[in-house]
Amino acid sequence: MTSHELHSKVQLTKSFLNRESVRNKLNSPDSVLSFREIGIRMDMIHEAERIGVRNLNERENRKLTRMIAQLEEMADISAN
């Protein structure tokens, strides 16, 4: 996966997590994740953005793509 593709997936995932956060605050029954799960994933995304998606080492890149893949399985956040 190129850095451009990863960046776009990070943006989609971040948007999904923000929507989930709002659902949790409104006590919506369709919320998929808890506040803690959202926070852990957002921290990972913020760290990747701080470093820069292009500058991630192989381990960080794999970890980020695995987390994104898990969220894509949980909810429909694909770019298509």
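Numbers here are sequence positions counted from 1. These numbers come from the heavy atoms of this one structure, side chains and all, not from hydrogens, waters or symmetry mates.
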Exercise for review: Could you pull out all residues at least two apart from Glu60 that satisfy salt bridge (Lys or Arg N to Asp or Glu O under 4.0 Å)?
Suggested key: none
Exercise for review: Locate the shortest heavy-atom distance separating Met74 from Leu33; write the atom from each residue and the value.
Suggested key: SD-CD2, 3.5 Å
Review point. Do Gln70 and Arg41 come within less than 4.5 Å of each other through their side chains, counting heavy atoms only?
Key: yes
Check your understanding: Roughly how far, to the nearest 0.5 Å, is OG of Ser15 from CD of Glu20?
Key -> 11.0 Å
Practice item. Quick one: closest heavy-atom pair of Met67 and Ile45, and the distance? Key: CE-CG1, 3.8 Å
Review point. By side chain to side chain contact (heavy atoms under 4.5 Å, CB included), which residues pair with Thr65, not counting sequence neighbours?
Key: Met1, Leu6, Asn61
Practice item. Indicate yes or no for a side-chain donor-acceptor contact from Asn24 to the backbone of Ser31 under 3.5 Å, with no hydrogens or angles considered. Key: no
**Study point:** Rounded distance [0.5 Å steps], CD in Glu37 versus CG in Leu17
**Key:** 10.5 Å
Study note, to complete from the structure: CD1 of Ile68 to NZ of Lys63, rounded to nearest 0.5 Å, is 13.0 Å
Exercise for review: Quick one: name the residues clustered hydrophobically with Ile40, using the 4.5 Å side-chain heavy-atom rule over I, L, V, M, F, W, Y, and just say none if it's on its own.
Suggested key: none
Point to revise | Heavy-atom check, side chain of Met42 versus side chain of Asn18, under 4.5 Å | key: yes
**Study point:** With sequence neighbours excluded, residues passing side chain to side chain donor-acceptor pair (under 3.5 Å) with Lys14
**Key:** Glu49
Practice item. Can you sort out the partners of Asn55 under side chain to side chain contact (heavy atoms under 4.5 Å, CB included), two or more places apart, ordered by chain and number? Key: Ile51
**Study point:** Co-members of the apolar cluster containing Val22 [side chain, <4.5 Å]
**Key:** Leu26
**Study point:** Check: Thr13 side chain, Lys9 main-chain N or O, donor-acceptor pair, under 3.5 Å
**Key:** yes
Point to revise | Flag side-chain contact, heavy atom, 4.5 Å: Ile38 against Phe16 | key: no
Exercise for review: Using atom types as modelled and distance alone, determine if a side-chain donor or acceptor of His7 lies under 3.5 Å from a backbone N or O of Ser3.
Suggested key: no
**Study point:** Minimum heavy-atom distance Glu5-Ser8, with the two atoms named
**Key:** O-OG, 2.8 Å
